[in-house]
Amino acid sequence: MTHLTHNPDLTSSVIYGLGWVYLLLFLMNAYWVRRSYAVDGNFRLSLGGILGKGEQIPVAAFWAVYAGLLLMLAVTHLTGANNPLQFSLKMPEILKEPINRASNPVAFFIGSTAIYVLMIVLRKWWTTPTAGWILLNLSILFLALSVTDYDFRQIVGKPDNVPIVAMLYIVGFFTWLYFKKSVDNDERIAAGRPLFEQENNEKVLTWPDLVYSELICMVLLTAVLIAWGIVLQAPLEEPASAAKTPNPSKAPWYFLGLQEMLVYFDPWMAGVVLPSVILVGLMAVPYIDFNKEGNGYYTFNQRKFAVSTFLFGFLPLWVAMIVLGTFLRGPNWNFFSPYEFWDVHKLELLNNINLSELFWIKGLGRPLPVVPPGATFAQQAPIILLREWLGLVGVAFYLVVLPNIMAATVFKKFYVRMGFLRYMVLANLMLMMMSLPIKMVLRWAVNLKYIVAIPEWFFNI
Amino acid sequence: MSVGDYIRGSQIWKSIFRHPAPVDRRNRVVVMLTNFFLHLHPVSVKQQGIALSYTWCMGGITFFLFLVETITGVLLMFYYRPTLEFAFNDILALRDVTTLGIMREIHRWSAHSMVITVWLHMYRVFLTGSYKPPREFNWVIGVLLLVLTLLLSFTGYLLPWDQLAIWAITVGSNMARATPFLGYEGPGAQLLNIGGYDLITNGSDARFLLLGSRFVGEATLNRFYILHCVAIPLVVSLLIAIHFWRVRKDGGISQPL
Ligand code: HEM
């Protein structure tokens with residue numbers, strides 16, 4: 001898509017705003033230089049013998065150089081804002097191009113799942129303060145650079161979308177904190193030392209210890225909310241009109257994960273059944289988790305199954321789907337890369353095919369059994385059941401037989417300890433959760449539309 | 001005698017607070033017991049139970065945001081009239097002319113924040129295993145609060161009556177049309193008919209119940225307004241009271257056993 005000249009990548013206010021961002025980042029890193037000088041120690045630099053036996057250089061020197069660069073960036077932005085056309089510090093096209101080309105729903109889901117797996121596997125490494133700091137800096141730099149792209153700014157900068165960006169940082173931070181504290185406690189448990197939560201755990205008076213922190217918290221939050229209200233105006237679009245459907249029409253942001261599921265499921269599944277299953281499943285959590293360990297302290301090793309399952313549901317399947325639905329779905333719910341123009345006319349070929357069509361037409365080379373128009377329910381039923389038998393058997397297998405197979409194999413220990421009923425609830429919740437990734441993969445791999453397709457009864461799975 | 005001492009010694013002051021300022025140990029205990037608001041808390045707490053790095057303070061922040069929503073919401077209700085004639089223009093006026101129209105901004109940003117903090121609160125309760133016995137039931141109440149928080153946000157989204165509002169609600173409520181048995185495009189709805197007459201039509205299904213109409217219209221605005229300003233907040237308040245009560249009765253913030 002070519003850009004019209006009145007859609008500039010850079011404007012004075014963007015450059016100026018970024019100047020403040022870099023200044024803030026500089027200040028943060030100036031603090032980090034101090035911290036690093038105090039705790040990180042030295043390394044030996046010999047420059048291949050130029051410095052003889054080498055010099056002892058504090059690690060903080062790296063950070064100092066980086067902070068210096070940030071300060072220069074900040075000054076350049078704050079002073080160069082007058083002439084946006086000549087300003088050249090922006091996301092280079094050589095970076096945009098590959099990102100744009102690599103982005104699609106498949107890559108997005110696989111990427112977020114990969115991050116989820118790495119997060120768990122590498123939990124010892126990425127929870128060190130330095131690793132956390134590097135990740136934070138990288139993400140801020142990526143965001144700051146991306147803001148120099150017009151199309152990116154249009155979507156991410158919408159007032160209602162700003163909280164989502166904030167949420168990503170907050171969720172990221174608390175996930176980091178969780179793993180950090182768990183790694184610490186898991187090491188303590190392994191070494192037979194008391195848990196972090198058991199140390200320094202005297203009783204203190206609520207006044208002042210708790211009441212004061214609550215007061216400070218309230219004052220700070222009030223200040224934040226007022227500042228936010230002043231800086232960012234609440235959105236108000238055109239007056240409502242039933243005749244003008246906006247494209248795309250999106251539900252409120254916190255439901256966009258559900259709206260994204262509409263790509264793979266019909267409304268009765270994506271909008272009613274699966275949300276209900278999520279809620280019932282959440283309520284069932286305390287009653288199906290029979291593990292007595294890990295009550296009242298942070299740990300991963302003692303609750304590997306519970307935590308991994310919950311994190312999978314919350315991070316790749318909920319938060320990441322919201323990001324996808326909000327930032328990367330445009331007109332007609334087509335996928336758009338982060339730096340792509342939301343073109344209403346973008347065409348995406350939909351040649352999805354139902355399992356029954358795969359079976360009858362592609363497999364047997366015969367036409368689908370046809371329901372004659374005007375047939376009564378009793379006349380329809382046998383034909384439809386014949387047409388869809390494979391999918392129906394598949395679904396029944398998935399929900400009825402598979403839990404039993406799992407009880408005898410991978411979940412044997414669970415089954416023995418939980419009893420039939422609780423085990424069945426757990427197994428079905430797990431299968432319901434996995435139905436989304438399974439349908440995604442089927443869609444991408446073989447263009448599968450419905451496993452069971454009975455539009456006559458609004459019953460498509 | 002300083003003015004402060006004079007005020008604190010007066011009969012009025014004493015009648016309100018009933019004991020001297022909480023500057024010594026005894027009165028710090030007494031203040032927690034005699035003050036209506038403070039007696040939500042126990043007199044003393046375990047250090048780790050109130051550590052910011054443990055609770056993330058997210059439950060407390062959610063509650064605080066709920067209070068902010070209540071206060072700013074009441075102020076907005078003085079201005080806003082939920083009818084097709086006035087709704088949009090009242091919001092427009094809040095933006096352009098009304099003194100303290102910033103209440104709308106604070107209300108909206110707090111609402112978004114509350115959705116986020118309630119998720120994070122659940123996240124930390126899960127990650128510390130705090131739903132385990134004896135706190136199972138409080139977790140269930142929590143899930144109800146989560147749903148209601150989302151519904152509060154959803155019903156409020158319609159009230160500005162702009163394009164953003166009605167189409168978001170249209171997209172969201174279209175799902176109800178597909179409710180199994182109860183939505184007229186849901187599986188099984190066809191089975192519910194008596195002598196050839198469908199019981200579930202687009203004028204009698206789950207979506208109609210939600211919208212009060214076949215499409216998002218004036219009846220919907222009224223319905224959502226009442227849900228948003230009266231019905232849901234009442235239920236939420238009750239559930240929060242129970243939630244807090246149970247936190248205490250279940251032994252305070254969770255601790256390693
Ligand atoms: C309007 C929504 C909610 C409010 C205002 C609220 C408030 C609170 C507060 C103030 C606490 C004290 C500890 C803390 O701050 O972490 C608490 C604890 C708790 N909350 Fe919530 N909460 C809400 C929603 C939820 C949700 C969605 C869940 C879970 C699904 C939940 C489950 C719990 C549990 C189990 C405890 C006890 C935790 C412990 O003892 O460590 N709450 N809640």
Original post:
Top residue by heavy-atom pair count (under 4.5 Å) with chain A, among S254(B), P22(B), A206(B)?
Top reply: P22(B)

Original post:
Can you find a pair of side-chain heavy atoms, one from V45(B) and one from D209(A), that are under 4.5 Å apart?
Top reply: no

Subject >> side chain to side chain donor-acceptor pair (under 3.5 Å) against W56(B), all qualifying residues, sequence neighbours excluded >> reply: Y298(A)

**OP:** Grab the two heavy atoms, one from W139(B) and one from L282(A), that are nearest each other, plus how far apart they are.
**Re:** NE1-O, 2.6 Å

**OP:** Heavy-atom distances under 4.5 Å only: say whether V147(B) touches chain A with side chain, backbone, both or neither.
**Re:** side chain

Original post:
Side chain, backbone, both or neither: which part of K244(A) has a non-hydrogen atom closer than 4.5 Å to chain B?
Top reply: both

**OP:** Name the region of K250(A), side chain, backbone, both or neither, that has any atom closer than 4.5 Å to a heavy atom of chain B.
**Re:** backbone

Original post:
So what's closer than 4.5 Å to chain A heavy atoms on F181(B): side chain, backbone, both or neither?
Top reply: neither

Original post:
Under 3.5 Å, is there a donor-acceptor pair between the Q255(B) and N201(A) side chains?
Top reply: yes

Original post:
Using non-hydrogen atoms only, which part of S276(A) is less than 4.5 Å away from chain B: side chain, backbone, both, or neither?
Top reply: neither

**OP:** Would you mind checking which part of D160(A) comes under 4.5 Å of any heavy atom in chain B, side chain (CB onward), backbone (N, CA, C, O), both or neither?
**Re:** both

**OP:** Would you please say whether a donor-acceptor pair under 3.5 Å links the side chains of Y131(B) and N295(A)?
**Re:** no

Original post:
R28(B) versus chain A, heavy atoms under 4.5 Å apart: side chain, backbone, both or neither?
Top reply: both

Original post:
Hey, are the side chains of F459(A) and P180(B) touching, using non-hydrogen atoms and a 4.5 Å cut-off?
Top reply: no

Original post:
Hey, does E105(B) have a side-chain heavy atom less than 4.5 Å from the side chain of W228(A)?
Top reply: no

Subject >> Contacting region of T245(A) [heavy-atom separation from chain B under 4.5 Å] >> reply: both

**OP:** Select one option (side chain, backbone, both, neither) describing which atoms of L52(B) are under 4.5 Å from chain A's heavy atoms.
**Re:** neither

Original post:
So with a 6.0 Å cut-off around CZ of R26(B), is the heavy-atom count from everything else above 12?
Top reply: no

**OP:** Indicate whether any N or O donor in one side chain lies under 3.5 Å from an N or O acceptor in the other, for S153(B) and Y254(A).
**Re:** yes

Subject >> Between R104(B), M122(B), R25(B), the one whose heavy-atom pairs under 4.5 Å with chain A are most numerous >> reply: R104(B)

Original post:
What part of L38(B) is in contact with chain A, defined as an atom under 4.5 angstrom from a non-hydrogen atom: side chain, backbone, both or neither?
Top reply: side chain

Original post:
Would you say the side-chain atoms of K292(A) pair up with the backbone N or O of P133(B), donor to acceptor, closer than 3.5 Å?
Top reply: no

Original post:
Considering only heavy atoms, which portion of V224(A) lies under 4.5 Å from any heavy atom of chain B: side chain, backbone, both, or neither?
Top reply: neither

Original post:
Is it the backbone or the side chain of L177(A) that comes under 4.5 Å from a heavy atom of chain B, or both, or neither?
Top reply: side chain

Original post:
Side-chain contact, heavy-atom cut-off 4.5 Å: Q190(B) with F377(A)?
Top reply: no

Subject >> Side-chain heavy atoms of I164(A) within contact of I116(B), under 4.5 Å >> reply: no

Original post:
Given that the side chain runs from C-beta out, which part of H41(B) has a heavy atom under 4.5 Å from chain A: side chain, backbone, both or neither?
Top reply: side chain

Subject >> Heavy-atom proximity to chain A below 4.5 Å, by part of V68(B) >> reply: side chain

**OP:** Answer yes if the ring centres of F255(A) and F154(B) are under 6.0 angstrom apart, and no otherwise.
**Re:** yes

**OP:** With a 4.5 angstrom heavy-atom cut-off, could you sort out which part of L65(B) is near chain A: side chain, backbone, both or neither?
**Re:** side chain

**OP:** Tell me whether the centres of the aromatic rings in F314(A) and Y123(B) are closer together than 6.0 Å.
**Re:** yes

**OP:** Could you look at I102(B) and say if it's the side chain, the backbone, both or neither that has a heavy atom under 4.5 Å from chain A?
**Re:** side chain

Subject >> Structural part of V31(B) lying under 4.5 Å from a heavy atom of chain A >> reply: side chain

**OP:** Would you check if S249(A) and T170(B) make a side-chain contact, meaning some heavy-atom pair closer than 4.5 Å?
**Re:** no

**OP:** Using non-hydrogen atoms and a 4.5 Å limit, figure out which bit of W109(B) sits close to chain A: side chain, backbone, both or neither.
**Re:** both

Subject >> Interchain contact, P275(A) with chain B, by part (heavy-atom threshold 4.5 Å) >> reply: neither

Original post:
Quick one: what part of D289(A) sits under 4.5 Å from any heavy atom of chain B, side chain, backbone, both or neither?
Top reply: side chain

**OP:** Look at I61(B), V29(B), N89(B) and state which one has the largest set of heavy-atom pairs under 4.5 Å with chain A.
**Re:** I61(B)

Original post:
Non-hydrogen atoms of chain B under 4.5 Å away: do they reach the side chain of L262(A), the backbone, both or neither?
Top reply: side chain

Original post:
Side chain, backbone, both or neither: which part of E456(A) has a heavy atom under 4.5 Å from chain B?
Top reply: backbone

Original post:
Tell me, side chain or backbone of L92(B) under 4.5 Å from chain A's heavy atoms, or both, or neither?
Top reply: both

**OP:** Kindly indicate whether the side chain of S241(A), heavy atoms from C-beta on, has any atom under 4.5 Å from the side chain of Q163(B).
**Re:** yes

Subject >> Region of L127(B) that comes under 4.5 Å of a non-hydrogen atom in chain A >> reply: both

**OP:** Check whether any side-chain heavy atom of Q48(B) lies under 4.5 Å from a side-chain heavy atom of F196(A), and answer yes or no.
**Re:** yes

Subject >> Contacting moiety of I461(A), where chain B heavy atoms sit under 4.5 Å >> reply: neither

Original post:
Which bit of M103(B) is near chain A, if near means a heavy-atom gap under 4.5 Å: side chain, backbone, both or neither?
Top reply: neither

